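Just so it is clear, the structure is predicted and the values come from calculations on it, not from any experiment.
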Amino acid sequence: MASVDNEVAEDYFPLVRIYKDGRIERLKGTAIVPPSLDSESDVLSKDVVYSPETNLSSRLYLPKLIAGTNQKLPLLVYFHGGGFLIETAFSPTYHNYLNSFVSQVDVVVVSVDYRRAPEHPLPIAFDDCWTALKWVSSHVHGNGPEEWLNSHADLGKVFFAGDSAGATIAHQMAMRYGEEKPVGFYLLGIILVHPYFMGEEPVGDEVKITAFREKVGRYWRLAHPTSSGCDDLLINPAADPNLAKLGCSKVLVTVAQKDMLKYRGWYYYENLKKSGWSGEVEIMEAEEEEHVFHLNKLSCENSAAMLQKIASFMNVHPKSS
């Protein structure tokens with residue numbers, strides 16, 4: 001007879017399983033790797049605490065060639081995906097991706113770790129990420145707590161990016177930036193890769209993917225149990241009446257042809273264009289690809305094309321591969 005410890009209360013396969021004794025098991029995205037000097041990419045990384053109160057860190061990435069110089073590069077603040085439930089900034093998936101990215105695009109990266117649901121339900125993750133951004137802004141006069149940012153981050157050229165739930169965070173951070181206008185850095189644009197958006201009413205061909213939409217709604221309620229549902233503006237930003245207050249001048253949305261979230265990416269793009277927002281928005285769709293394909297297919301043709309697009313969007317010239 002199975003012990004109570006092993007009795008499943010709720011199964012959110014393939015992400016999370018909750019047992020009757022309250023134990024939470026993450027089914028993927030649990031591995032971590034240390035920061036390093038990556039010999040293949042020639043990129044340096046290190047972990048820095050941004051919130052002593054919650055013991056939260058970011059992983060910073062820097063091209064080795066500029067270490068020890070006073071050269072400044074655009075700053076990319078990156079938010080990892082995982083449905084707010086799995087993955088960290090220290091997982092091999094994100095560590096390898098950002099090493100590869102920085103090796104090809106000369107930027108400084110701050111990859112933010114944040115607390116995850118269900119132990120820490122939303123909006124905690126959003127608040128953690130805003131705390132990280134305030135920490136970044138503390139370096140505006142070149143005397144902040146982290147020397148890499150003091151010496152090498154151009155806080156007049158800041159971008160937010162993220163994939164899946166991380167793209168959701170990137171959008172919300174840009175909204176909050178537009179509302180609060182914090183002193184310390186200038187947000188030029190945001191890059192939303194396969195954003196994790198949804199809504200109660202189907203858009204586009206979502207009428208054909210009812211089961212998927214129900215699954216997204218179930219995951220969302222687990223991450224944010226006090227939410228009003230999938231029309232919550234945190235997951236359905238296209239419905240936000242204040243969308244025109246987005247606090248940057250340009251947006252890049254990327255979607256994938258075989259990703260069932262692509263309809264929401266397109267819907268966001270279309271609604272942002274007609275919202276009255278004064279910036280420029282672009283969208284790119286990768287043919288024959290699945291959700292966040294680029295994280296595990298770093299060198300495929302579509303990943304290379306997306307990197308070229310992001311580099312162009314940031315006005316940074318990618319290096320020859």
Going by the rule side chain to side chain contact (heavy atoms under 4.5 Å, CB included), which residues pair with [X] if we only count those two or more places apart in sequence or in a different chain?
{"X": "V140", "value": "L155"}
{"X": "S227", "value": "W220, H224, D232"}
{"X": "L222", "value": "Y12, I18, L85, P118"}
{"X": "S303", "value": "F293, H294, K297, C300"}

Within the distance-only criterion (no hydrogens, no angle test), does the side chain of [X] pair as donor or acceptor with the backbone N or O of [Y] below 3.5 angstrom?
{"X": "W277", "Y": "L246", "answer": "yes"}
{"X": "N150", "Y": "G144", "answer": "yes"}
{"X": "D106", "Y": "V316", "answer": "no"}
{"X": "S58", "Y": "V48", "answer": "no"}

K309/E282 ion pair, N-O < 4.0 Å: yes
Non-hydrogen atoms of A67 and L44 that approach each other most closely: CB-CD1, 3.8 Å
For the student: nearest non-hydrogen atoms of P182 and W130, plus distance: CG-CH2, 3.9 Å
Residues, nucleotides or ligands: over 12 heavy atoms within 6.0 Å of E10 CD: yes
E25 atom CD, neighbour heavy-atom count above 12 within 6.0 Å: yes
Does anything in [range] pair up under side-chain hydrogen bond (donor to acceptor under 3.5 Å, both in side chains), and if so which pairs, sequence neighbours excluded?
{"range": "residues 62-74", "value": "none"}
{"range": "residues 107-119", "value": "R26-E119, H80-Y114, R115-D128"}
{"range": "residues 158-173", "value": "Y78-D163, Y94-D163, S164-H291, H171-Y268"}

Partner of Y61 by side-chain contact (heavy atoms from CB on, under 4.5 Å), out of V43, V108, D38, L76: V43
Fellow cluster residues of F13, listed by chain then number, with links counted only when side-chain atoms sit under 4.5 Å apart: L27
Nonpolar side-chain network containing I32, other nodes, edges under 4.5 Å: F90
Salt bridge (Lys or Arg N to Asp or Glu O under 4.0 Å) contacts in which one or both residues fall within residues 132-154, not counting sequence neighbours: K46-E146
Residue pairs fulfilling salt bridge (Lys or Arg N to Asp or Glu O under 4.0 Å) with at least one residue in residues 244-262, sequence neighbours excluded: K258-E288, K262-E285
Given W135, F159, Y177, the one that forms ring pair (Phe, Tyr, Trp, His ring centres under 6.0 Å) with F185: Y177
Side-chain donor-acceptor contact under 3.5 Å, T54 with S51: yes
Between S100 and Q104: side-chain donor-acceptor atoms closer than 3.5 Å: yes
Ring-ring centroid check F197 Y263, cutoff 6.0 Å: no
Aromatic plane relationship, Y269 with W266 - under 30° parallel, 30 to 60° tilted, over 60° perpendicular: perpendicular
Contacts table for residues 205-213: side-chain donor-acceptor under 3.5 angstrom, sequence neighbours left out:
unit_1: E206; atom_1: OE1; unit_2: V203; atom_2: N; d: 3.0
unit_1: E206; atom_1: OE1; unit_2: R213; atom_2: NH1; d: 3.0
unit_1: E206; atom_1: OE1; unit_2: R264; atom_2: NE; d: 3.3
unit_1: E206; atom_1: OE1; unit_2: R264; atom_2: NH2; d: 2.8
unit_1: E206; atom_1: OE2; unit_2: R264; atom_2: NE; d: 2.8
unit_1: R213; atom_1: NH1; unit_2: G199; atom_2: O; d: 3.2
unit_1: R213; atom_1: NH2; unit_2: G199; atom_2: O; d: 3.3
unit_1: R213; atom_1: NH2; unit_2: E200; atom_2: O; d: 2.7

